[in-house]
Amino acid sequence: MKKPIYVLAILSTLLLASCNEDEPKAPLVIPTEYDGTAFADNTITQNSILAALAAQVNEAKKGRTPGTGVTVSSLQNLYAAGTPSLKTISTTYFVEKMEGTNGYMDELAKASAGTYTPGTPTGQGGTYGGYLFDENGLEFEQLIDKGQYGAVLYKHATALLAGEITAATVDQLVAIVGANPSFPNTGNAATTATPDKYMANYGARRDKADGKGLYTQLKNAFLKLQAAVKAGDLYKQEQQEAIDTILLTWEKINAGTIINYCHVATATLSSTNPTDAQKASALHAIGESIGFTHGWQTIPQQYKKITDTQIDEVLVLFNAPATGTPTCYTFVTDAVTELPKLQQVIAKLKALYGFTDAEIEDFKSNWVSVQGR
């Protein structure tokens, strides 16, 4: 007896479906260039955030000029300006550090227009060797600046990732890290019309342009993420893989830059009879390291490898504990005793991120400058 035709049709459909389920999906095709067709339209908010940070930092930098005062209100107004403002997208922790009596903005304002000499703390601090320090040798300009690379820019990236990941989201992530569709691997405006900025700029400095460095890894992860998002839900796993790589590489660039500044400060302060300008430059490098470290405090743990406890440990080694009085000036006044702490910072970060000896050595250099690119 023949089976009805509709029964045969059903069996055939089920058989085909079964076969299709067993078929592997096509490999994700990843282009070699980033599609920036809608980049400008998609990243208006991110460009506004970056411009707001630049405006506040430029105001803070006025304090580097001897005799020039900077007011708390000028810094606060720039912090709260815009929609969104730097303040509204920052970690709550960092807002509390920035504002109020003895907050970062208040301390910078009090130090401005004065003069400073490293030693037993007196007064409110001031300019020294071209930079502005408080009475403890801490450069609050760098806490305000580099601290917001984590507390505002990276925090904004985590907020984007908490929502639906679209093609626009990928563009926005590229923008907030400071990169652009051309991925030039340099922050040098003399060699490209679209230089890297912010963390992407530091990523370029940590990359030897040999196709293996942190900047290249970041670029490749963005290419993969854009391709996976365009390819649809079937490639959710590839999307997540790319996101994980972006976050970890971003964090490694941050850590590698802290290590670079530890190398710089150590080399300068261990040299024979460094000048005041050199000493100030070393304190500036330490200040940048402190800012890059402190800004990651309270970023949700799901988005970072370093823990808040480890951040506190590193800040203590920089003589700038999250709570308590900093003693950064002692890196200058007692270099023999204090400089080994910077080596401890390097060792901690090396172990945490699994950096090789070769990478630690490479982090001594700004490769954009070394290679003239």
Side-chain angles (χ1 to χ4, degrees), residues 44-117 121-156 175-176 178 197-199 201 280-281 283-295 297-298 320 322 325-326 328-329:
I44 294 172
T45 296
Q46 288 65 45
N47 288 332
S48 174
I49 292 168
L50 297 177
L53 179 55
Q56 190 189 37
V57 171
N58 286 336
E59 181 66 20
K61 283 183 177 179
K62 292 179 181 179
R64 294 185 182 188
T65 302
T68 301
V70 178
T71 66
V72 175
S73 60
S74 66
L75 295 170
Q76 180 65 58
N77 289 341
L78 290 167
Y79 191 46
T83 304
S85 67
L86 298 172
K87 179 179 177 178
T88 56
I89 61 174
S90 175
T91 60
T92 301
Y93 172 87
F94 209 75
V95 172
E96 293 172 352
K97 290 292 182 183
M98 287 279 284
E99 295 188 322
T101 302
N102 300 324
Y104 294 171
M105 292 185 283
D106 184 47
E107 287 294 327
L108 186 146
K110 288 188 294 189
S112 66
T115 57
Y116 175 67
T117 300
T122 59
Q124 297 292 342
T127 54
Y128 172 63
Y131 299 101
L132 179 67
F133 302 96
D134 82 334
E135 68 274 20
N136 302 303
L138 184 57
E139 190 182 9
F140 279 93
E141 175 204 307
Q142 291 307 312
L143 269 69
I144 291 171
D145 182 1
K146 303 313 189 299
Q148 292 188 79
Y149 278 42
V152 172
L153 306 187
Y154 190 81
K155 172 64 164 50
H156 180 65
I176 206 65
K197 301 176 181 179
Y198 299 93
M199 194 57 76
N201 174 41
S281 178
L283 278 181
H284 169 67
I286 291 169
E288 292 206 68
S289 294
I290 293 167
F292 277 123
T293 302
H294 210 163
Q297 187 67 272
T298 74
T325 303
C328 299
Y329 67 92

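Everything numeric in this text was worked out from a predicted model, so none of it was measured.
- When atom types are taken as modelled, the side chain of Gln56 and the backbone of Leu75 share a donor-acceptor pair closer than 3.5 angstrom.
- Residues Thr45 and Pro84 are in side-chain contact: their nearest non-hydrogen atoms beyond the backbone lie under 4.5 Å apart.
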Output side-chain donor-acceptor pairs under 3.5 Å for residues 46-54, partner residues at least two apart or in another chain, one line each.
residue, atom, partner, partner atom, Å
Gln46, NE2, His156, NE2, 2.9
Asn47, ND2, Thr43, O, 3.2

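- Atom-to-atom distance recorded for Glu139:CD and Arg64:CZ is 6.0 Å, nearest 0.5 angstrom.
- The shortest non-hydrogen separation linking Tyr116 to Glu135 is CE1-O, 3.5 Å.
- Going from atom OG1 of Thr293 over to atom CD of Glu288 covers 11.5 Å, rounded to the nearest 0.5 Å.
- In this structure, the side chains of Glu141 and Lys62 stay at 4.5 Å or more apart for every pair of heavy atoms.
- With rounding to the nearest 0.5 angstrom, the CD atom of Glu107 is 9.5 Å from the OG1 atom of Thr101.
- Between Lys87 and Met98 the shortest side-chain heavy-atom distance does not fall below 4.5 Å.
- For Ile290 against Ala320, the heavy-atom pair with the smallest separation is CD1-CB, 3.6 Å.
- Between Asp134 and Phe140, the closest side-chain pair of non-hydrogen atoms falls below 4.5 Å.
- One distance of note links CD of Gln76 with CG of Asp106; it measures 10.5 Å at 0.5 Å rounding.
- The two residues Lys155 and Ala151 make their nearest non-hydrogen contact at CB-O, 3.1 Å.
- In this structure, His284 and Tyr128 have side chains that are not in contact, with every pair of non-hydrogen atoms separated by 4.5 Å or more.
- Between Tyr329 and Phe133, a ring centre-to-centre spacing not shorter than 6.0 Å is recorded.
- Closest approach of Gly63 to Ser112, counting heavy atoms only: CA-CB, 4.4 Å.
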### Message
Would Leu283 and Tyr131 count as a side chain to side chain contact (heavy atoms under 4.5 Å, CB included) here? Give the steps.
### Response
CA-CA 9 Å; Leu283 278 181; Tyr131 299 101; over 6 Å; no
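- At least one side-chain heavy atom of Lys110 sits under 4.5 Å from a side-chain heavy atom of Asn102.
- Without hydrogens or angle criteria, Ser289 side chain to Ala285 main chain gives a donor-acceptor distance under 3.5 Å.
- Contact between Leu132 and Ala111 at its shortest, heavy atoms only, is CD1-O, 3.5 Å.
- Nearest approach of Leu138 to Cys328, heavy atoms of both residues: CD1-SG, 3.8 Å.
- Between Pro121 and Thr325, every side-chain heavy-atom pair lies at or beyond the 4.5 Å cut-off.
- Within the model, atoms OH of Tyr104 and CG of Asp145 stand 13.0 Å from one another, a figure rounded to the nearest 0.5 Å.
- Within the structure, the ring pair (Phe, Tyr, Trp, His ring centres under 6.0 Å) test picks out the following pairs touching residues 55-93 (sequence neighbours left out): Tyr93-His294.
- Exactly one of Val72, Asn77, Val70 qualifies for a side-chain contact (heavy atoms from CB on, under 4.5 Å) with Ser74. That residue is Val70.
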